[in-house]
Student: 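Handing you a structure now.
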Protein chains: 4
Amino acid sequence: MANYNRTILMGNLTADPEKRFTKDGSAVTNFTVAVNGPPSKDPDREDEVLFMPCVTFGKTAEAVGKYLSKGDPVLVDGRLRTDKWEQDGEKKSRTVLRVGLVQFLGRKGEASGEPEGASDGDLSF
Amino acid sequence: MANYNRTILMGNLTADPEKRFTKDGSAVTNFTVAVNGPPSKDPDREDEVLFMPCVTFGKTAEAVGKYLSKGDPVLVDGRLRTDKWEQDGEKKSRTVLRVGLVQFLGRKGEASGEPEGASDGDLSF
Amino acid sequence: MANYNRTILMGNLTADPEKRFTKDGSAVTNFTVAVNGPPSKDPDREDEVLFMPCVTFGKTAEAVGKYLSKGDPVLVDGRLRTDKWEQDGEKKSRTVLRVGLVQFLGRKGEASGEPEGASDGDLSF
Amino acid sequence: MANYNRTILMGNLTADPEKRFTKDGSAVTNFTVAVNGPPSKDPDREDEVLFMPCVTFGKTAEAVGKYLSKGDPVLVDGRLRTDKWEQDGEKKSRTVLRVGLVQFLGRKGEASGEPEGASDGDLSF
DNA sequence: TTTT
DNA sequence: TTTT
């Protein structure tokens, strides 16, 4: 059976990333990327915004926790996953992006030509 | 501000697509694509599956409604969007894929070499 | 038969774009994007760089010709195509990216937080 | 500086893949994928076809050499690279896709629903 | 819950 | 809610 799963987003962090550690000591970092759609032509409709919850692991998680903060622009590349859990006996689910590669695109409102780096999970050139 | 939004998935329809029409007569078709992850190594954890709700519009929506059904393999290419609504006074949201391009990959369990077509939204070669 | 063709690159213009017009008056703009690979670990090997020749048409071509110049960072999204021609009786070919969407990512060495725009071919959100 | 490089193609092998081994014994497999564009509306112009030279390494290269042959449909995901060499004192270059992930989509003209596998480079779900 |  |  044929399966493929790839998402590429560019946008801004809605808040500082949250880093935690698993029992075996490896980092897991969560953050949300806001990706704006085009300005709506209809003045009564607000612009479309995608708020995408993201997770990273390992080295990438370390880098994200260390270098990114609220408002920073990033490009993320990863695979979508349905997260499932129960809350008050109710089944809940949401789509999360498991990010393999993060490209830092500068700081919030700062120079773009230069200072970024890449946190390249396992996706080498 | 820099934004980009692209998702490419390959998987199978979880059910027959649901076609409806807007007031102005254009088609809107909803369906869900199941994308399997790799078989889990841990026998106690079930395999990861992504269930991605998809929407299509216009000509693509017509084609999807006409040619696809439960189980059929497809490749979809589109942009993610956060859908928001209220239910019993509670704010709800979920991520939906607005599909621009659908590639039919044959019918459920049928020959793949030949019979597919493409429903190419506005994304021409 | 099933076909799909998508390329997403982020890099910098190697030179000012070249705009021309077709007989029917629509714009065609050519440019090349340099995409750097990761720094080579082997000090004797030079870093990998991709030089990708790109073409754009219509409104996107106008915008590229007007707003981009040598060194500017961009994200491009499009489809690859094999260009063929004859030179001195020899058959030549090369791969070119037909760009549908260009995201301006600021000017060479300039602020990134703000001044970019998007030239969105036919790929609406 | 911000760089990103991703290509996703679906098409058919133009010939049997060619496997060789590096001095250190790891496999390198070359093949070309033909990706058809939409049927040309102009009957005098032949349809666009992309012929993309691809390389794979390691485990993926083994799998490609073992399971794929001329005509087989595949999805490939990777990064573009400019290959340079000299021929008769002339500098030559061409674009090649360094494939990280290969999805087998069945055999030439065979059933698609079932028999494929994935050769997942380092790009796990 | 949200970013620019 | 789920597909192969």
Side-chain angles (χ1 to χ4, degrees), chain A residues 1-5 9-18 30-39 46-54 68-76 82 84 90-95 105-110 112, chain B residues 1-5 9-18 30-39 46-54 68-76 82 84 90-95 105-110 112, chain C residues 103-106 111-118, chain D residues 103-106 111-118:
Chain A
M1 227 207 23
N3 289 279
Y4 182 73
N5 187 334
L9 300 176
M10 205 162 123
N12 301 78
L13 294 222
T14 62
D16 289 347
E18 291 179 13
N30 289 76
F31 58 99
T32 296
V33 176
V35 183
N36 297 297
E46 53 179 328
D47 294 358
E48 289 182 12
V49 186
L50 167 70
F51 292 105
M52 176 56 55
C54 299
L68 291 180
S69 49
K70 181 175 176 172
D72 287 347
V74 281
L75 180 148
V76 291
T82 304
K84 293 173 177 183
E90 247 190 309
K91 285 187 178 176
K92 304 267 191 175
S93 74
R94 67 168 192 168
T95 307
L105 302 174
R107 307 215 136 265
K108 181 188 180 181
E110 197 209 319
S112 111
Chain B
M1 228 207 25
N3 289 280
Y4 181 73
N5 188 335
L9 301 175
M10 205 162 124
N12 301 79
L13 294 222
T14 61
D16 289 348
E18 292 179 13
N30 289 77
F31 57 99
T32 296
V33 176
V35 183
N36 297 297
E46 54 179 327
D47 293 358
E48 290 181 10
V49 187
L50 167 69
F51 293 106
M52 177 54 56
C54 298
L68 291 180
S69 49
K70 182 176 175 172
D72 287 347
V74 281
L75 180 148
V76 291
T82 304
K84 292 174 176 183
E90 245 190 311
K91 285 187 178 176
K92 304 267 191 174
S93 74
R94 68 168 191 168
T95 306
L105 302 174
R107 308 216 136 264
K108 182 187 178 182
E110 195 209 320
S112 109
Chain C
Q103 260 289 358
F104 306 154
L105 301 175
S112 111
E114 291 306 304
E116 323 82 352
Chain D
Q103 260 289 359
F104 306 155
L105 301 175
S112 110
E114 292 306 305
E116 324 82 350

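Keep in mind the model is a prediction, meaning the values are calculated, not measured. Here is how names work: the chains are called A, B, and so on, in the same order as the sequence lines, proteins then strands, and each is numbered from 1.
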Student: Rounded to whole angstroms, how far apart are CD on A:Glu18 and P on E:dT3?
Tutor: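 Between P of E:dT3 and CD of A:Glu18: 15 Å.
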
Student: Is A:Lys91 touching bases, backbone alone, or none of the nucleic acid, heavy atoms closer than 4.0 Å?
Tutor: sugar-phosphate

Student: Would you mind telling me which of E:dT4, E:dT2, F:dT3 lies closest to the side-chain atoms of A:Phe51?
Tutor: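 Out of E:dT4, E:dT2, F:dT3, the nucleotide with an atom closest to A:Phe51's side chain is E:dT2.
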
Student: Quick one: does any side-chain atom of A:Asn5 pair with a main-chain N or O of B:Leu9 as donor and acceptor, under 3.5 Å?
Tutor: no

Student: Tell me: CG of B:Leu13 to P of F:dT4, nearest whole Å?
Tutor: 10 Å

Student: Measure the spacing between CE of A:Met52 and CZ of A:Arg94 and express it to the nearest 0.5 Å.
Tutor: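 Taking CE in A:Met52 and CZ in A:Arg94, the distance rounds to 9.5 Å.
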
Student: Tell me: CG of B:Leu75 to P of F:dT4, nearest whole Å?
Tutor: 18 Å

Student: Nearest-Å distance, CG (A:Asn30) to P (E:dT1)?
Tutor: 17 Å

Student: What's the closest nucleotide to the side chain of B:Ala34 if the choices are E:dT3, F:dT2, F:dT3?
Tutor: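 From the listed options, F:dT3 comes nearest.
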
Student: Run the side chain to side chain contact (heavy atoms under 4.5 Å, CB included) check on A:Thr32 and A:Leu13 step by step: do they pass?
Tutor: CA-CA 6 Å; A:Thr32 296; A:Leu13 294 222; over 6 Å; no

Student: Any Lys/Arg nitrogen of B:Asp72 or B:Arg107 sitting under 4.0 Å from an Asp/Glu carboxylate oxygen of the other?
Tutor: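 Looking at B:Asp72 and B:Arg107, the cut-off is met.
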
Student: Rounded to the Å, how far apart are B:Asn12 CG and F:dT3 P?
Tutor: 10 Å

Student: If you look at every strand shown and take non-hydrogen atoms under 4.0 Å, does A:Gly11 touch a base, only sugar-phosphate, or nothing?
Tutor: nothing

Student: Heavy atoms from C-beta onward define the side chain here; which of E:dT3, F:dT4, E:dT2 lies closest to that of A:Thr32?
Tutor: E:dT2

Student: What is the distance, to the nearest angstrom, from the NZ atom on A:Lys70 to the C1' atom on E:dT1?
Tutor: 10 Å

Student: In this structure, how many angstroms lie between the P atom of E:dT2 and the CG atom of A:Asp47, rounded?
Tutor: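 Whole-Å distance recorded here is 16 Å.
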
Student: Sequence neighbours left out, what passes side-chain contact (heavy atoms from CB on, under 4.5 Å) with A:Lys84? Give chain and number order.
Tutor: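 A:Lys84: side-chain contact (heavy atoms from CB on, under 4.5 Å) contacts with A:Thr82, A:Ser93, B:Phe51.
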
Student: Measure from CZ on A:Phe31 to C1' on E:dT4 and round the result to the nearest Å.
Tutor: 16 Å

Student: Kindly say whether, by distance alone, the side chain of B:Asn36 makes a donor-acceptor pair under 3.5 Å with the base of F:dT3?
Tutor: yes

